[in-house]
Amino acid sequence: MNCTRKVPKPRKSICANYCKIAEGKVGVCRQHKNINGELFDKSYGIVSSLSPDPVEKKPLNHFLPGTFTYSIGGFGCNMSCLHCQNYMISHEYDKNYMGIKITPEAIVENALNYNCESIAWTYNEPTIHLPFSKKTSLLARQKNLKVIYVTNGYFSHRSLEEVLGFVDAFNIDLKSMRDDFYKNVCGAELDIVLDNILRIYREGKHLEITNLIINGYNDTVEEISDLCDFVISQLGPEVPLHFSRAFPYYKMNDISPTRPEILYKAREIALDKGIENVHLGNI
């Protein structure tokens with residue numbers, strides 16, 4: 001992945017890290033590099049994976065159900081989650097992947113050829129490649145394809161404004177309702193994610209929430225209840241909630257797989273709180 005292409009417009013606030021990148025250095029995502037005072041996206045137009053998938057795999061169970069979406073994965077991430085399930089493309093891609101060069105036009109053509117009804121930016125955090133995903137998504141919408149973002153929700157205010165202009169549906173990974181979890185495990189701030197979720201919901205976009213439950217980290221009844229209360233009180237009972245099972249991975253390989261009874265309990269709590277659509281994943 002040695003191709004460096006200039007981003008159409010320099011971005012100094014593309015995500016909530018607001019990186020100040022010194023000459024010759026990269027930001028938290030390791031994708032944006034300062035070269036002679038201008039920002040370059042090291043993998044602009046380069047993806048890690050392309051695949052038609054059932055839309056339910058995103059997971060989006062209530063957006064175009066029964067259809068296929070054309071999944072596009074990139075490289076890098078603006079969080080540093082110790083339990084990252086896609087760490088090979090988000091954090092250690094230099095040793096694992098060369099990347100696939102592709103144009104926005106080719107992505108849209110592929111989606112149509114596979115009879116997909118949408119494209120999905122997924123597998124890694126799509127926000128960090130906003131100029132490329134925006135250009136591709138606008139072309140997709142011209143062909144009557146819907147656009148999906150599977151994201152950690154760590155947008156800057158500026159980038160969220162742009163994303164809301166071309167994305168139809170979001171699945172946001174709400175990792176915990178504890179700020180110390182976000183700081184110590186993810187290198188991020190909870191309040192920014194919550195604020196962005198609220199903005200997306202108020203803009204009327206289709207929204208589904210995923211919570212990966214990890215033994216000993218975010219699996220207490222209290223925390224699960226707090227997350228459900230947030231959905232009910234700040235969003236609405238119609239917002240689908242997905243609880244997903246975690247496995248030992250990346251820098252958190254000393255955990256055990258999430259106990260199934262915890263997921264069943266989480267579903268029970270959510271339904272009792274009034275959430276209308278609750279789904280379990282990886283179980």
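Predicted model only: the values in this text are computed from it and were never measured. Just so you know, these numbers use all the heavy atoms, side chains as well, and skip hydrogens, waters and symmetry mates.
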Which pair of heavy atoms, one from [X] and one from [Y], lies closest together, and at what distance?
X	Y	answer
L241	A270	CD2-CB, 4.2 Å
V163	L130	CG2-CD1, 3.7 Å
F243	I213	CD2-CD1, 3.6 Å
N196	G153	ND2-O, 2.8 Å
Y123	S49	CD1-OG, 3.2 Å
Y250	N253	O-ND2, 3.5 Å

Calculate, to the nearest 0.5 Å, the distance between atoms [atom1] and [atom2] belonging to [X] and [Y] respectively.
X	Y	atom1	atom2	result
T67	D53	OG1	CG	11.0 Å
H242	L280	NE2	CG	10.5 Å
I107	S137	CD1	OG	9.0 Å
L212	R245	CG	CZ	11.0 Å
I119	W121	CD1	CH2	5.5 Å
S225	F230	OG	CZ	15.5 Å

Do [X] and [Y] come close enough that some side-chain heavy atom pair is under 4.5 Å?
X	Y	value
P248	P257	yes
Y44	K135	yes
N211	N218	yes
N277	V239	no
I269	I275	no
D219	I214	no
E208	N171	yes
P54	F68	yes

Contacts table for residues 78-85: side-chain donor-acceptor under 3.5 angstrom, sequence neighbours left out:
unit_1, atom_1, unit_2, atom_2, d
N78, OD1, N152, ND2, 2.9
N78, ND2, Y154, O, 3.2
S80, OG, C186, O, 3.3
Q85, NE2, H83, O, 2.7

### Query
Looking at E161 and R199, does any basic side-chain N land under 4.0 Å from a carboxylate oxygen?
yes
### Query
Is the shortest distance from a Lys or Arg side-chain nitrogen in K265 or E261 to a carboxylate oxygen in the other one below 4.0 Å?
no
Give a yes or no on whether the backbone of [Y] and the side-chain of [X] come within a donor-acceptor separation of less than 3.5 Å.
X	Y	answer
E23	N36	yes
S159	I14	yes
S48	G73	yes
Y149	L164	no
R141	V147	no
K58	T122	no
T136	F132	yes

### Task
Scan residues 196-218 for pairs that pass ring pair (Phe, Tyr, Trp, His ring centres under 6.0 Å), counting only residues two or more places apart or in two chains.
F63-H206
### Task
Decide whether M177 and L198 are clustered together by the hydrophobic rule: side chain heavy atoms of Ile, Leu, Val, Met, Phe, Trp, Tyr closer than 4.5 Å, transitively.
yes
Any donor-acceptor pair under 3.5 Å linking the side-chain atoms of [Y] with those of [X]?
X	Y	answer
N124	S90	no
E117	T69	no
E125	T127	yes

### Message
Using side chain to side chain contact (heavy atoms under 4.5 Å, CB included), reason through R259 and N215 one step at a time and then give a plain yes or no.
### Response
CA-CA 7 Å; R259 292 168 290 157; N215 288 341; 3.9 Å; yes
### Under the ring-ring contact (aromatic ring centres under 6.0 Å, His included) test, residues paired with H129 that sit two or more places apart
none
